[in-house]
Amino acid sequence: MSHMEFSHPYFGVFLLFVIATVTFVGTTILSRWASRKMARLDTEKLKMTIYECGPEVTKQPNKISSQFYLFALLFILFDVEIIFMFPWAIDFKILGMFGFVEMLMFIGLLTIGFVYAWKKGALEWHSIR
């Protein structure tokens, strides 16, 4: 017979992990069993129709333009870059000329990116149709 050590510093963590796992699995099995017992499996055509009002549901192809993605990406890019300027503005005097030159380089890179996006037509809105 081996001797079990209950005074190990991580025994409580292991015990909580085992209890959480058993509880999760038990709850999942119990809820699945209960939902299968309580669910009505007889679906009627009237039950599946639209309630009260509204147009007939038709399946439409997804026509989301990639322009939304590009706009969001550019917004996040420039928004995050502007946030980086606030600490610089607070410590402007402490950073001195080195900090000023670094920020000019940073703004220059932002300007290059902005002009590139502008020239590529990323800031023009195109119609889906």
Side-chain angles (χ1 to χ4, degrees):
M1 295 274 175
S2 65
H3 178 68
M4 292 184 68
E5 178 100 19
F6 293 116
S7 63
H8 193 275
Y10 290 112
F11 180 73
V13 174
F14 174 72
L15 190 63
L16 284 175
F17 176 73
V18 169
I19 291 171
T21 303
V22 168
T23 304
F24 172 75
V25 171
T27 304
T28 304
I29 291 171
L30 181 66
S31 65
R32 188 170 194 166
W33 176 79
S35 67
R36 287 184 179 193
K37 289 293 180 188
M38 294 180 177
R40 291 187 60 193
L41 300 177
D42 57 338
T43 56
E44 302 172 10
K45 193 169 191 166
L46 181 63
K47 187 193 249 183
M48 302 306 279
T49 60
I50 298 172
Y51 177 69
E52 285 190 8
C53 63
E56 285 291 324
V57 178
T58 57
K59 188 105 173 155
Q60 296 178 356
N62 191 0
K63 293 184 179 180
I64 297 177
S65 174
S66 62
Q67 195 75 19
F68 292 114
Y69 170 74
L70 198 54
F71 255 70
L73 193 65
L74 287 172
F75 172 75
I76 290 172
L77 173 75
F78 289 112
D79 191 46
V80 169
E81 303 303 338
I82 294 298
I83 289 173
F84 284 137
M85 290 183 186
F86 282 111
W88 171 79
I90 290 172
D91 292 334
F92 178 71
K93 289 184 180 179
I94 297 170
L95 296 173
M97 191 56 141
F98 175 74
F100 181 69
V101 172
E102 287 288 327
M103 188 51 67
L104 283 179
M105 289 172 41
F106 182 70
I107 292 172
L109 284 173
L110 279 180
T111 304
I112 290 170
F114 180 71
V115 169
Y116 177 78
W118 192 355
K119 293 288 184 188
K120 287 289 186 178
L123 302 175
E124 297 173 10
W125 194 257
H126 305 288
S127 178
I128 294 174
R129 295 178 191 178

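Note that the coordinates shown come from a computational prediction; the quantities given were computed from them, not determined experimentally.
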Val22: hydrophobic cluster co-members (side-chain, 4.5 Å): Phe14, Val18
Cluster overlap Ile94 with Met97, hydrophobic side-chain contacts below 4.5 Å: no
Verify same cluster id: Phe98, Phe100 (apolar side-chain graph, 4.5 Å): no
By side chain to side chain contact (heavy atoms under 4.5 Å, CB included) - contacts of Tyr10 (at least two apart): His8, Val13
Leu16: hydrophobic cluster co-members (side-chain, 4.5 Å): none
Please output the side-chain donor-acceptor pairs of residues 104-123 that fall under 3.5 Å, not counting sequence neighbours, one pair per line with the distance.
| unit_1 | atom_1 | unit_2 | atom_2 | d |
| --- | --- | --- | --- | --- |
| Thr111 | OG1 | Ile107 | O | 2.7 |

Linked hydrophobic residues, Ile29 as query - side chain contacts closer than 4.5 Å: Phe24, Val25
Output side-chain donor-acceptor pairs under 3.5 Å for residues 81-93, partner residues at least two apart or in another chain, one line each.
| unit_1 | atom_1 | unit_2 | atom_2 | d |
| --- | --- | --- | --- | --- |
| Trp88 | NE1 | Gly99 | O | 3.1 |

Phe75 reachable from Leu77 in the ILVMFWY side-chain graph, under 4.5 Å edges: yes
By side chain to side chain contact (heavy atoms under 4.5 Å, CB included) - contacts of Thr27 (at least two apart): Thr23
Nearest-0.5 Å distance that lies between atom CG in Leu74 and atom OH in Tyr69: 10.0 Å
